[in-house]
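The next block holds one structure in the form of structure tokens; read it before the comments.
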Amino acid sequence: MAKRSLSFVCQSCGATTLKWAGRCESCGEWNTIQEEQQAGGIGAGPKTASRSKGRVVPLVGLSGETKEAPRIITGVAELDRVTGGGFVKGSALLVGGDPGIGKSTLLTQASAHLAFQGHNIVYISGEEAVDQVRLRAERLGLRDAPVQLAAETSVEDILTTLEDKKGDERPHLVIIDSIQTLWTEMADSPPGTVTQVRASAQALVRFAKKTGTTVVIVGHVTKDGQIAGPRVVEHMVDAVLYFEGDNAHQYRILRAVKNRFGPTDEIGVFEMSDMGLREVKNPSAMFLSERSATAPGSAVFAGIEGTRPLLVEMQALVAPSPLGTPRRAVIGWDSARLSMILAVLEARCGVKFAQHDVYLNVAGGLRINEPGADLAVAAALISSLSGVALPLECVYFGEISLSGAVRPVAQAASRLKEAQKLGFGQAVIPDGNMKEGSNALGHVKGLEELGDLVANIAASAQKMENA
């Protein structure tokens with residue numbers, strides 16, 4: 001019998017130590033180290049005498065015939081877009097998101113679509129009973145879908161059940177909801193700990209590669225929005241998808257942050273309704289649907305999410321502050337980048353925000369990570385401070401450097417084409433992108449310096465006063 005010994009494992013990063021400590025030396029997190037039982041002690045492995053001699057592995061060149069990985073088309077267009085054209089056979093995917101965001105609803109709809117197409121689908125829930133899954137399917141109008149259900153948390157029982165199906169009964173897709181509820185006899189720690197999550201994920205990934213079955217694993221997220229458990233799980237799987245959104249908005253964003261068989265940073269947009277998740281074919285029109293025509297502090301940003309051009313409203317509010325240290329609040333954008341834009345406006349353009357509170361919001365609950373939104377944010381801030389509404393039919397994009405220069409961004413033509421499709425006739429863009437966008441809209445203005453934008457808005461404010 002293997003010797004059992006105690007070890008202390010960080011529940012955030014998976015680092016193992018010989019004794020307990022209040023702070024993990026690997027990731028710096030506090031109060032995350034827990035005592036766990038391990039077989040054979042820390043770092044235990046197979047005995048040297050039992051190791052067999054390795055075999056010679058054939059080496060090949062880079063040139064040669066390659067075949068595209070076979071895929072399973074789910075029929076949910078936004079999900080297929082994010083995965084790069086459907087689930088690759090034999091791959092393992094990790095789907096994370098906040099509780100109640102709609103992960104189970106999305107996977108239930110996808111599994112039902114595939115089951116109606118004739119695929120063998122197995123849905124295993126460790127959090128809900130079979131009757132609860134059936135109630136969700138009935139609410140979504142998918143009760144007649146031939147999906148095979150089970151409520152089980154033992155990895156050994158799950159794999160034995162799946163491997164027992166042979167020939168035409170072999171499952172094409174297996175959904176595990178969720179990895180934090182599973183446990184395996186290979187580890188003595190309770191479910192949800194780093195050791196259990198890592199061992200369970202490794203067993204499921206090995207099953208996917210050995211049998212050619214696609215395995216989709218649902219994972220919980222931490223308070224920081226990261227998938228709970230060791231980061232090594234994200235390295236094991238072939239794709240990592242995040243399901244984003246909040247309860248205040250009905251819109252949901254499915255984002256790919258890792259994909260070995262397709263593009264990364266691709267997004268799919270859904271709308272939560274009483275009949276489940278509905279695909280949004282034109283997300284730009286959705287994010288701009290409730291835009292005010294006369295309110296200052298609103299600028300439309302023409303961005304790119306993956307391969308999809310997307311127009312979104314950037315909202316800014318600049319108000320006099322009664323506090324010694326004015327507030328800086330940001331929703332949907334990087335707070336450090338907002339501080340940089342404010343500093344550039346003060347240092348290079350003479351626009352003072354030191355005595356004002358600044359609030360910035362990305363409309364619709366979307367999160368923007370692209371530096372090309374700098375110019376739109378700057379335009380919204382100047383508009384709010386001056387009280388001058390920006391032209392309703394104008395879009396903005398461009399990166400701002402610390403010197404105040406407006407730098408060009410990628411895929412300017414695609415951004416302007418999307419704006420034209422939605423009826424926009426003007427654009428303010430970097431001067432370096434003028435060659436790409438000169439013929440896209442009726443009036444395109446190129447900027448070299450951020451001061452030019454400030455001068456244009458100030459001129460508009462002067463016209464309003466004279467009128």
Side-chain angles (χ1 to χ4, degrees), residues 13-14 57-97 103 106-107 110-111 113-114 119 121-122 155 159 162 170-180 182 194 197-221 225-244 253-269 304-308 369-370 410-411:
C13 67
V57 178
L59 304 176
V60 299
L62 291 175
S63 62
E65 183 181 357
T66 58
K67 297 182 179 179
E68 186 177 356
R71 294 180 180 269
I72 303 175
I73 307 301
T74 65
V76 181
E78 294 297 299
L79 178 59
D80 290 335
R81 170 196 285 271
V82 175
T83 55
F87 295 136
V88 175
K89 296 182 179 179
S91 65
L93 296 89
L94 182 62
V95 180
K103 302 183 298 295
L106 175 63
L107 294 177
S111 61
H113 280 287
L114 289 172
H119 294 282
I121 310 299
V122 176
V155 174
L159 295 181
L162 297 176
R170 174 174 295 177
H172 299 147
L173 174 67
V174 176
I175 297 174
I176 306 294
D177 188 5
S178 67
I179 188 65
Q180 275 79 16
L182 300 189
V194 166
V197 170
R198 181 170 50 213
S200 300
Q202 186 175 14
L204 293 170
V205 172
R206 190 185 307 116
F207 167 79
K209 302 301 180 184
K210 182 177 66 174
T211 63
T213 299
T214 302
V215 176
V216 178
I217 304 171
V218 177
H220 295 167
V221 297
Q226 304 294 322
I227 295 180
R231 295 305 296 268
V232 69
V233 174
E234 298 187 28
H235 298 303
M236 289 180 187
V237 298
D238 299 301
V240 179
L241 311 179
Y242 277 89
F243 209 37
E244 305 171 356
I253 308 296
L254 182 65
R255 188 186 303 272
V257 297
K258 172 188 175 181
N259 194 350
R260 290 175 179 161
F261 304 105
T264 56
D265 292 330
E266 189 68 83
I267 68 166
V269 184
I304 294 288
E305 291 287 342
T307 60
R308 162 182 273 167
N369 300 315
E370 188 184 356
Q411 303 184 53

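Side chains are part of it too, since the values below use all heavy atoms of this structure and drop only hydrogens, waters and symmetry mates.
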Completion exercise
Nearest heavy-atom contact between Ala203 and Val155 is CB-CG1, 3.9 Å
Fill in the blank from the handout: Only one of Thr74, Leu107, Leu114 passes side chain to side chain contact (heavy atoms under 4.5 Å, CB included) with Leu173, and that residue is Leu114
Practice task
Output the distance between atom CG (Leu182) and atom CG (Asp177), rounded to the nearest 0.5 Å.
Solution key: 9.5 Å
Handout entry: Steps toward side-chain contact (heavy atoms from CB on, under 4.5 Å) verdict (Asn259, Phe261)
Key = CA-CA 5 Å; Asn259 194 350; Phe261 304 105; 4.0 Å; yes
Handout entry: Spatial distance of atom NZ (Lys103) from atom CG (Leu254) [nearest 0.5 Å]
Key = 11.5 Å
Exercise for the section: Measure from the side-chain N and O atoms of Glu78 to the backbone N and O of Val269, and report whether any donor-acceptor pair falls under 3.5 Å. Expected result: yes
Practice task
Locate the shortest heavy-atom distance separating Ala110 from Val76; write the atom from each residue and the value.
Solution key: CA-CG2, 4.2 Å
Exercise for the section: Can you measure from OG1 (Thr307) to CZ (Arg81) and round to the nearest 0.5 angstrom? Expected result: 5.5 Å
Handout entry: Shortest non-hydrogen contact from Val82 toward Gly268
Key = CG2-N, 3.3 Å
Problem - Where Leu204 and Val215 come nearest, the two heavy atoms and their spacing - result: O-CG2, 4.2 Å
Problem - Side-chain touch Leu162/Val174, heavy atoms, less than 4.5 angstrom - result: yes
Exercise for the section: May I ask you to say whether Lys258 pairs ionically with Glu234, meaning some side-chain N is under 4.0 Å from a carboxylate O? Expected result: no
Exercise for the section: Output the distance between atom NE2 (His113) and atom CD1 (Ile121), rounded to the nearest 0.5 Å. Expected result: 12.0 Å
Practice task
Say whether, by atom type as modelled, one donor and one acceptor occur between the side chain of Gln180 and the main chain of His220 under 3.5 angstrom.
Solution key: yes
Problem - Backbone N/O of Gly84 and side chain of Glu266: donor-acceptor pair under 3.5 Å - result: no
Practice task
Indicate the atoms forming the closest heavy-atom contact of Met236 with Arg260, along with that distance.
Solution key: O-NH1, 3.7 Å
Handout entry: Inter-residue atom distance Ile72.CD1 - His172.NE2, 0.5 Å rounding
Key = 7.0 Å
Practice task
For Arg170 and Thr211, work out which heavy atoms get closest and say how close.
Solution key: NH1-O, 3.9 Å
Under 3.5 Å donor-acceptor pairs involving side-chain atoms of residues 85-94, not counting sequence neighbours:
from  : atom 1 : to    : atom 2 : distance (Å)
Ser91 : OG     : Val88 : O      : 2.5

Problem - Under 3.5 Å donor-acceptor, Ser200 side chain and Val197 backbone - result: no
Fill in the blank from the handout: One should read off an interatomic distance between Ile179 CD1 and Ile217 CD1, to the nearest 0.5 angstrom, of 5.0 Å
